[in-house]
Amino acid sequence: MFSQSRHEDLFTYQSITQYHADLLNGATTCVAAVQHYLHNIDQKRHLNAYLQVYDQEALQLAATLDAQRASGKPLGKLHGVVIALKDVICYKDHPVSAASKILGDFHSIYNATAVERLLAEEAIIIGNTNCDEFAMGSTNENSAHGKVLNALDETRVPGGSSGGAAVAVQAALCMVSLGSDTGGSVRQPADFCGIVGLKPTYGRVSRYGLIAYASSFDQIGIFANNVPDVAQTLEVIAGPDDYDSTVAPAEVPAYSAAINSASTPLRIAYFKEALESPALDNEIRTNILGLIDRLRADGHTVEAVDFEYLDYVVPTYYVLTTAEASSNLSRFDGVKYGFRPADVEKKDLPLTEFYKTSRSDGFGWEVKRRIMLGTFVLSAGYYDAYFTKAQQVRQLLVEKTNLVFNQFDAIILPTAPTPAFKLGEKMDDPIAMYLADIFTVFSNLTGIPGISIPLFWHSNGMPYGLQVMTNRFRELSLLQLSQQWMLQYRFAG
Ligand code: GLN
């Protein structure tokens, strides 16, 4: 995937476990690992995956970790693991912009809880990655810092909104990355890039220090090459946090230790309407039906369930998330921090004009569209018709989901209706872009965990994934079955 170099001779990466074994037997070092990724990042700058690379800091921390290991200190769970952060996750004293002009050169003044926990387990943060502005998008084309290219076909999008974080793992520019998933922004880019992407249960990982898009949907998620790396990272970042009362008090299982436990035959559901959807690419449909046959042949029960609400999930998602976004983004006004138009002070504008100028200049088109839509659905006269109605649909979806999980252990769906789009393909048609979220928004509306695992190749040369979901806080069984299916069914289609 990248050009031959001396770094390749020194370092290759398969998994955190293998890396740790190599570190302990002296086959490699943290410094060699960081050098390897810095070299790859340099070779692949044109993909535009990273916004900032913390090369000197990363090398220094790697050297410190190498010395500590040599002195016999036991390894932290993420010792020397080279990690990238989506540009919506706060890392103290480092820039964070949500890929928006409105944050200017703002630097975080504190660490997100997830970052605090990564650092406590000795991870090395190598940089922050490009994304759609305020995580609004499905292609990474809405970034104020330019688009990101899919490393497998540079004429295609990597997906979004966490496109840079996905490509960072896909193109071997780090080992693991953190993204955020409000309506699919980890699972869909993982699908388009051929890697693993997990959105945990709402309330599994603290949102403290994650720039808010839609607070009742947002979750930090994880990209990696394999399921055990996801498990190891989740174990570190998950769990109760005094700074986020929406995190469940439930104890975090030791995901990584239990990942290989064999599961008994499972009861698996799929939504009939999803596989019959006219939007679904035929080849994806055929391959998923083929996989269902294999699952049955291997002893699992797989049944179609009626899901009559499929057509409502996208509108419900866009009413509720834009409503929340219009409130969350009201804090960006050019007064206390971030971007302020150059000559605005000289003009001596009234306060509202000042706000208007900074916000009109600072936000991109998609963000403005959503703020307006959200303001509209919350406005007097429309509130009940849109916002209240959408909340009711959300409640129905939760009830339906509970019923499904009374009978089944997991739900499978395609992650996205098609493989990665061509760059620019959907930019002039926001509705078409929104409709492509049809299979991912369900788990955010209901709060359940979802993963995309790269099981398939399309005849157009692109990879795509299977989406698997379990009930709330059942990440352990989700990770176990994903691990088993990756070993059993990868590239079977
Ligand atoms: N594509 C979805 C949207 O544009 C998902 C975004 C996300 O998960 N952050 O809202």
Side-chain angles (χ1 to χ4, degrees), residues 85-89 98-100 129-143 147-148 157-166 177-193 197-200 202 205 207 210-223 279 313-326 328-329 363-374 377 390 414-418 420-421 425-427 429-452 467 469:
L85 303 174
K86 181 180 182 180
D87 190 37
V88 289
I89 298 174
S100 180
T129 55
N130 207 345
C131 57
D132 285 301
E133 186 178 0
F134 284 100
M136 297 176 184
S138 309
T139 60
N140 213 129
E141 291 167 295
N142 295 332
S143 167
K147 55 184 185 273
V148 175
V157 303
S161 64
S162 318
S177 62
L178 296 191
S180 65
D181 190 314
T182 304
S185 281
V186 168
R187 287 158 290 151
Q188 183 256 27
D191 171 275
F192 282 11
C193 290
L198 171 77
K199 179 201 89 78
Y202 183 82
V205 177
R207 289 177 295 111
L210 167 67
I211 295 178
Y213 159 17
S215 312
S216 75
F217 293 73
D218 300 338
Q219 267 297 283
I220 289 179
I222 302 163
F223 293 102
V313 295
V314 169
T316 306
Y317 168 83
Y318 277 94
V319 168
L320 295 176
T321 54
T322 55
E324 292 189 25
S326 70
N328 275 327
L329 271 60
F363 288 129
W365 285 113
E366 182 58 27
V367 172
K368 286 187 219 174
R369 177 164 27 234
R370 294 193 192 199
I371 291 173
M372 286 189 276
L373 192 55
V377 301
T415 306
T418 65
F421 329 130
E425 187 182 317
K426 292 209 187 321
M427 281 308 271
D429 189 351
I431 304 285
M433 186 86 99
Y434 296 172
L435 285 172
D437 296 333
I438 186 164
F439 302 132
T440 47
V441 296
F442 168 71
S443 89
N444 306 79
L445 282 159
T446 55
I448 62 174
I451 194 167
S452 181
Q467 184 181 197
M469 288 162 277

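Note that ligands are numbered from 1 as they come in the structure, with each ligand's atoms numbered from 1 the same way. Heavy-atom basis, side chains included; hydrogens, waters and symmetry copies ignored. The residues of the chain are indexed from 1 along the displayed sequence.
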Is [X] in polar range of ligand 1, meaning some N or O pair under 3.5 Å apart?
X: Gly160; value: no
X: Asp181; value: no
X: Gly137; value: yes
X: Lys86; value: no

Query - Check: Asn328 side chain, Tyr213 main-chain N or O, donor-acceptor pair, under 3.5 Å - result: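 Yes; judged by distance alone, with no hydrogens or angles, the pair exists.
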Query raised in the report: Within the side chain of Asn140, is there an N or O that forms a donor-acceptor pair under 3.5 Å with the backbone of Ser162?
Result: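 Answer holds: no.
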How far is [atom] from its nearest protein heavy atom, and which residue and atom name does that atom have?
atom: atom 1 (N) of ligand 1; answer: Ser138 OG, 2.8 Å
atom: atom 2 (C) of ligand 1; answer: Asp437 OD2, 3.2 Å
atom: atom 10 (O) of ligand 1; answer: Tyr317 OH, 2.7 Å

Query raised in the report: How about Pro189 and Phe223: do any of their side-chain heavy atoms sit closer than 4.5 Å?
Result: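 Counting from C-beta outward, Pro189 and Phe223 do come under 4.5 Å.
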Query raised in the report: Would you say Tyr318 and Arg370 make side-chain contact, with heavy atoms under 4.5 Å?
Result: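 Yes, close enough: below the 4.5 Å cut-off.
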Among [options], which one puts a heavy atom closest to [atom]?
atom: atom 8 (O) of ligand 1; options: Ser185, Ala436, Ser161; answer: Ser185
atom: atom 3 (C) of ligand 1; options: Tyr434, Tyr318, Phe217, Phe134; answer: Tyr318
atom: atom 4 (O) of ligand 1; options: Arg370, Gln219, Glu366; answer: Arg370

Report task. Check each atom of ligand 1 against the heavy atoms of Ala135 and keep those under 4.0 Å away; list them by number with element. Result ->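 Near Ala135, the atoms of ligand 1 are 6 (C), 7 (C), 9 (N).
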Query raised in the report: Between Glu324 and Ser216, do the side chains contain an N or O donor and an N or O acceptor separated by less than 3.5 Å?
Result: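 Indeed, the side chains of Glu324 and Ser216 share at least one donor-acceptor pair under 3.5 Å.
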Query raised in the report: Looking at Tyr317 versus Tyr434, is the centre-to-centre ring distance below 6.0 Å?
Result: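 Ring-ring flag for Tyr317/Tyr434: false, centres at least 6.0 Å apart.
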**Report entry** Least distance between heavy atoms, Lys199 atom then Asn444 atom
**Finding:**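 So the minimum-distance heavy-atom pair works out to CD-ND2, 3.3 Å.
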Requested in this report: May I ask you to decide if the ring planes of Phe192 and Phe421 are parallel, tilted or perpendicular, using 30° and 60° as cut-offs?
Outcome: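 Aromatic pair Phe192/Phe421 classed perpendicular.
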